[in-house]
Amino acid sequence: MSRFLNSALDALTPYTPGEQPQGGTFIKLNTNESPYPPSDGVLNILGRAEAEKLNLYSDPTLNPVTTSLAKRFGVESKNVYAGNGSDEVLAIAMYAFGEKGFSFPDITYGFYSVIADFFRIGCTRPKLKDDFTIDISYYMKNDRAVIIANPNAPTGIFLPLSEIEKILSANPDHVVIVDEAYVEFGGESAASLVSKYENLLVVGTFSKAWNLAGARLGYAVGSSELISDLNRLRCSFHPYNINRLTLLAGQKAVEEEQYYIECRKKIIFTRTRVQAELESLGFTCTPSMANFIFARPPMGDAERIYKALYDKKVLVRYFAGGRTKEYLRISVGSDEQMDKFLDALKSIL
Ligand code: PMP
């Protein structure tokens, strides 16, 4: 830390992202990326002709990606926002709507508390039930904004939209952010409820179910007032927040969703197969609706297994401490990757 850093920032603890080893020797199942490449149209559009236009700024109105997402969700462009990854969208939204603080579960995506610290937003962390499901009763008498990852991370458990609606109805004066980073792997999007609840902001990403983690593209769908608030902040901070190539890639991807639907089907199929294999080895798995499996080894010795897998060049995610310490989060890769993972695992067990 330099002596020049704002002293109020001394205490920040940055988020620890999953390791990104360079070079191709690892089976990488630690950051929930898709094992499949982007669709042909995306690959083709990212050619020389578009790269030559990089001397020009990108569109500060976030077109064309907002218009294609609006069409996909059956809303208008004024209901769609886009950001440099959904982490950026979440940060702007928490800053925008967090004056009274935020509530989110004790076990959820780790970045929420990092953002809250960054912007000095107070947080309450209602506990998940013993089975890792969300206890919505807390949110019925809540006094601040809410974020729910749905499906939740790292459990993969999906909260039915009827429960999300109860949270929305009980909090008419607070924004409820539903972070749907993994919703395409078996959940149901709350975006259909946007016209009914002015306090709903649905956040999504192209990093998981659209095979574009490296492009850094996230979005939000909500009432035109909420979206206009987000744009007000963005244009006070970083008006050209998304590069030209990523805006185009996102538009193309939405046009070619059928390809991504097939990729998602494969991932769901692989998830079901690998989860059954893990259970036959004595693992306990949560009912994941995401592109990862959250699994407790038979002896609860997740850390040992994590390290032993690492030595065998298989990278999964381990969250030390608390109630997650006996679990591994394993991203669902291709069948070939998962077979290698299972072989390594069996040799360790
Ligand atoms: N929300 C959740 C629940 C996540 O797991 C992630 C990815 N780690 C994100 C948001 C952020 O994804 P990105 O910034 O790549 O869009």
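Computation of the quantities below employed the complete heavy-atom set of this structure, encompassing side-chain atoms and omitting hydrogens, waters and symmetry-equivalent molecules. First listed ligand is number 1; within each ligand, the first listed atom is number 1.
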Query raised in the report: What does the list of residues with a heavy atom under 4.0 Å from ligand 1 look like, ordered by chain and number?
Result: Gly85, Ser86, Asp87, Leu90, Tyr109, Asp179, Ala181, Tyr182, Thr205, Ser207, Lys208, Arg216
Query raised in the report: Considering the options Arg125, Arg323, Lys129, which one meets the salt bridge (Lys or Arg N to Asp or Glu O under 4.0 Å) requirement together with Asp106?
Result: Arg323
Query - Close side-chain approach of Leu128 to Asp135, heavy-atom, < 4.5 Å - result: no
Report task. Give me the ring orientation class for Tyr182 and Phe185: parallel if the planes are under 30° apart, tilted from 30 to 60°, perpendicular past 60°. Result -> tilted
Requested in this report: Over 60° means perpendicular and under 30° means parallel, so classify the ring planes of Tyr240 and Tyr57, tilted if in between.
Outcome: parallel
Report task. Please name the pair of heavy atoms, one in Asn171 and one in Tyr139, separated by the smallest distance, quoted to 0.1 Å. Result -> ND2-O, 3.0 Å
**Report entry** Passing option when Tyr327 is tested against Tyr318, Phe132, Phe292 for ring-ring contact (aromatic ring centres under 6.0 Å, His included)
**Finding:** Phe132
